[in-house]
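Working notes for the structure below.
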Amino acid sequence: QVQLVESGGGLVQAGGSLRLSCAASGGTFSSYAMGWFRQAPGKEREFVAVIRWSGDRTSYADSVKGRFTISRDNAKNTVYLQMNSLKPEDTAVYYCAAAKRYGVPANAYVYDYWGQGTQVTASS
């Protein structure tokens, strides 16, 4: 059983930056692809970014390409999401998730474990 705990959310002005962290415990972190998803009020959960277990491959939603960067530190069992140039439409609860998959899955249904989420608000 893998436990995931997100941190780093908060309130920021549009154009600002935040760095989310997700600490994992209870499993072999380096065995999992790690993804970030988000859910805004009244909307479905959507894919944001994913990083392969080895860290050598990433994938991003078109809406965040060039602004967000996902990274991981397998020695610290932690995955990060650096968010720059934040927009009001980035406002959502952000979740990290773990998938025991070899690639970079974007489909939420293949993820095995989820964190509790952290709120990100970008004000205009």
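In this chain, numbering begins with 1 at the start of the sequence shown.
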Item to check | Between Phe37 and Trp114, ring centroids under 6.0 Å | outcome: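 Ring centroids of Phe37 and Trp114 are less than 6.0 Å from each other.
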
What is the distance from atom [atom1] of [X] to atom [atom2] of [Y], rounded to the nearest 0.5 Å?
X	Y	atom1	atom2	value
Ser124	Leu86	OG	CG	13.0 Å
Arg19	Thr69	CZ	OG1	10.5 Å
Ser21	Leu81	OG	CG	9.5 Å
Arg38	Ser63	CZ	OG	4.5 Å

Item to check | Donor-acceptor side-chain pairing of Asn84 and Ser17 below 3.5 angstrom | outcome: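 A donor-acceptor contact under 3.5 Å links the two side chains.
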
Next on the checklist: Whether the side chain of Thr118 engages the backbone of Gly9 through a donor-acceptor N/O pair (distance < 3.5 Å, no angle test) should be reported.
Outcome noted: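 Checking the backbone N and O of Gly9 against the side chain of Thr118, a donor-acceptor pair under 3.5 Å is found.
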
Checklist entry - Within the distance-only criterion (no hydrogens, no angle test), does the side chain of Glu6 pair as donor or acceptor with the backbone N or O of Gln116 below 3.5 angstrom? => result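 Such a contact is found between Glu6 side chain and Gln116 backbone.
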
Checklist entry - Would a 4.5 Å heavy-atom cut-off, applied to side chains only, mark Ser31 and Lys100 as touching? => result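 The answer is yes, as the side chains (C-beta and beyond) meet within the 4.5 Å cut-off.
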
Next on the checklist: Quick check: do Tyr60 and Val50 have side-chain heavy atoms less than 4.5 Å from each other?
Outcome noted: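 Tyr60 vs Val50: side chains apart.
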
Flag this pair as yes if the NZ/CZ of [X] is under 6.0 angstrom from the six-membered ring centre of [Y] and inside a 45 degree cone about the axis; otherwise no.
X	Y	value
Arg101	Tyr111	no
Arg72	Tyr80	no
Arg52	Tyr102	yes

Next on the checklist: Below 30° counts as parallel, above 60° as perpendicular, anything between as tilted: where do the rings of Tyr32 and Tyr113 land?
Outcome noted: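 Taking Tyr113 first and then Tyr32, their aromatic rings stand perpendicular (interplane angle over 60°).
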
Next on the checklist: Show the nearest heavy-atom pair for residues Gly103 and Ala33, with the distance to one decimal.
Outcome noted: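 Smallest interatomic distance, heavy atoms only, reads O-CB, 3.6 Å.
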
Checklist entry - Checking side chain to side chain donor-acceptor pair (under 3.5 Å) for the pair Gln119/Thr121: CA distance, chi angles, key distance, verdict? => result CA-CA 7 Å; Gln119 176 70 46; Thr121 303; 3.3 Å; yes

Next on the checklist: For Lys65, is there an ion pair with Asp62 - N to carboxylate O distance below 4.0 angstrom?
Outcome noted: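 Lys65 and Asp62: salt-bridged.
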
Item to check | Val79 and Trp36: CA distance, side-chain angles, deciding distance, side-chain contact (heavy atoms from CB on, under 4.5 Å) verdict | outcome: CA-CA 9 Å; Val79 62; Trp36 286 97; 3.9 Å; yes

